[in-house]
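Heads up: numbering here begins at 1 and tracks the sequence.
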Amino acid sequence: MIDQLLTDLHHGRWVHGIHPEVSEMLIATEDACHRFNSLMPSDIEARCRIITDMLGSIGHDFLIHSPFRCDFGKHIHIGDNFVANFGLTILDEAPVTIGHNVFIGPGVSIYTITHAMLPDQRNEGIMKALPVTIESDVWICGGVTILPGVTIGRGAVIGAGSVVTDDVPPMHLAMGNPCRPVRPITESDRVRI
């Protein structure tokens, strides 16, 4: 039963998501997040161990500041050289895939889950999930919200406070609510020191 429910969620099907085993899994992950967030930032070894055990996979050279929260953890896959500033929340009922060299600013939320619009169905726990993909070399500025089913293309920059409702093309600056591509990122953006 639980395996079918999670499979259906991963494939974007509507499900009755309220289930005792799901609740147990969510509480176990919440406990792990609490342990991580309770550790001193200087306790790097213990913090890395919790994150490595909790997530589906994570590459080398990562830094995740507290507080960090996620729903399952095991549906999150992150590449090398990842930095997440304070307050990252990932609701990972569907897969969240993050490439290499991704920087995430403070207060960012990534959602894969959505609920039924009608109150009676929502109260019954009817929900579905769609995956989120953030390709390599992306910078997500502070206060961004990424909604279910979105892909952010390689090298894109998402401006602060944006609500990302649709895919963002590679190598574009995108911003706003709803987030829209503003312009390509080109060699003219190179900083001269």
Side-chain angles (χ1 to χ4, degrees), residues 1-38 49-58 62 64-79 82 84-99 102 104-135 138 140 143-153 158 161-168 177-179:
M1 168 73 178
I2 188 68
D3 291 336
Q4 186 60 51
L5 187 150
L6 293 175
T7 298
D8 287 344
L9 264 178
H10 279 222
H11 288 93
R13 298 183 192 108
W14 289 102
V15 301
H16 285 86
I18 298 174
H19 189 280
E21 285 183 64
V22 170
S23 295
E24 288 175 20
M25 294 166 74
L26 292 171
I27 289 169
T29 304
E30 189 172 357
D31 285 350
C33 287
H34 181 79
R35 284 191 303 277
F36 174 82
N37 293 323
S38 297
R49 187 171 45 254
I50 291 170
I51 289 293
T52 301
D53 290 345
M54 184 174 26
L55 301 186
S57 64
I58 190 161
F62 63 88
I64 299 175
H65 291 281
S66 297
F68 168 73
R69 292 180 176 83
C70 62
D71 274 348
F72 291 93
K74 67 181 185 173
H75 305 138
I76 301 169
H77 300 276
I78 300 173
F82 175 71
N85 213 315
F86 307 103
L88 174 60
T89 298
I90 303 176
L91 304 186
D92 62 309
E93 277 70 12
V96 174
T97 305
I98 299 173
V102 171
I104 294 183
V108 169
S109 298
I110 301 171
Y111 305 142
T112 65
I113 192 77
T114 190
H115 300 277
M117 293 293 286
L118 293 173
D120 62 322
Q121 291 185 313
R122 191 169 51 250
N123 294 338
E124 290 175 30
I126 296 178
M127 59 188 71
K128 75 173 183 175
L130 297 169
V132 169
T133 300
I134 300 170
E135 295 181 352
V138 167
I140 309 288
V144 170
T145 299
I146 300 169
L147 296 184
V150 165
T151 295
I152 298 175
I158 308 300
S162 295
V163 177
V164 187
T165 59
D166 290 308
D167 293 352
V168 174
N177 181 5
C179 185

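- Partners of Pro178 by side chain to side chain contact (heavy atoms under 4.5 Å, CB included), not counting sequence neighbours, listed by chain and number: Thr165, Arg180.
- The minimum heavy-atom distance linking Thr151 with Asp167 is given by the pair N-OD1, 2.9 Å.
- By the side chain to side chain contact (heavy atoms under 4.5 Å, CB included) test, Ile64 is found to be paired with Phe36, Ile51, Ile58, Phe62, Phe68, Phe82, Ala84, residues two or more places apart in sequence or in another chain being considered.
- Listed by chain and residue number, His75 satisfy the side chain to side chain donor-acceptor pair (under 3.5 Å) test with His10 (two or more places apart in sequence, or in another chain).
- Remark: His19 pairs with no residue by the ring pair (Phe, Tyr, Trp, His ring centres under 6.0 Å) rule, at least two apart or across chains.
- Counting non-hydrogen atoms of other residues, nucleotides and ligands closer than 6.0 Å to CD of Glu30 gives a total of 12 or fewer.
- Listed by chain and residue number, Phe86 satisfy the ring pair (Phe, Tyr, Trp, His ring centres under 6.0 Å) test with His65 (two or more places apart in sequence, or in another chain).
- For the residue pair Ile146 and Ile140, the shortest heavy atom distance occurs at CD1-CD1, 4.1 Å.
- No donor-acceptor distance shorter than 3.5 angstrom exists from the side chain of Thr97 to the backbone of His77, with no hydrogens or angles considered.
- Evaluation of the salt bridge (Lys or Arg N to Asp or Glu O under 4.0 Å) rule for Arg122 yields no partner, not counting sequence neighbours.
- In this structure, Ile2 and Val22 have side chains that are in contact, with non-hydrogen atoms separated by less than 4.5 Å.
- Of the listed residues (Leu130, Leu9, Val96, Ile76), just one forms a side chain to side chain contact (heavy atoms under 4.5 Å, CB included) with Thr112, and that residue is Val96.
- Summarising the geometry, atom CD belonging to Glu93 is positioned 10.0 Å from atom SG belonging to Cys70; distances are rounded to the nearest 0.5 Å.
- Val164 and Asp166 get closest at one heavy-atom pair: CG1-O, 3.4 Å.
- Atom CD1 in Ile104 sits 5.0 Å away from atom CD1 in Ile134 (nearest 0.5 Å).
- One distance of note links CD1 of Ile158 with CD1 of Ile152; it measures 4.5 Å at 0.5 Å rounding.
- For the pair Pro67 and Arg69, the tightest heavy-atom approach, listed with the atom from each and the gap, is CB-NH1, 3.4 Å.
- Considering every non-hydrogen atom in both Thr29 and Phe72, the closest pair reads OG1-O, 3.1 Å.
- For Asp31, the side chain to side chain contact (heavy atoms under 4.5 Å, CB included) partners are Ile27, Arg35, not counting sequence neighbours.
- The two residues Asp92 and Gly73 have their closest heavy-atom pair at OD2-N, 2.7 Å.
- Taken to the nearest 0.5 Å, the CD1 atom of Ile90 stands 9.5 Å off from the OG atom of Ser109.
- Applying the salt bridge (charged side-chain N to carboxylate O under 4.0 Å, His left out) test to pairs two or more places apart or on separate chains, those with a residue in residues 5-21 are Asp8-Arg13.
- Partners of Ala116 under the side chain to side chain contact (heavy atoms under 4.5 Å, CB included) rule, at least two apart in sequence or in another chain, are Trp14, Gln121, Ile126.
- Expressed to the nearest 0.5 Å, how far OG1 of Thr114 lies from CE of Met127 amounts to 10.0 Å.
- Residue His16 places its NE2 atom among more than 12 non-hydrogen atoms of other residues, nucleotides or ligands, all under 6.0 Å distant.
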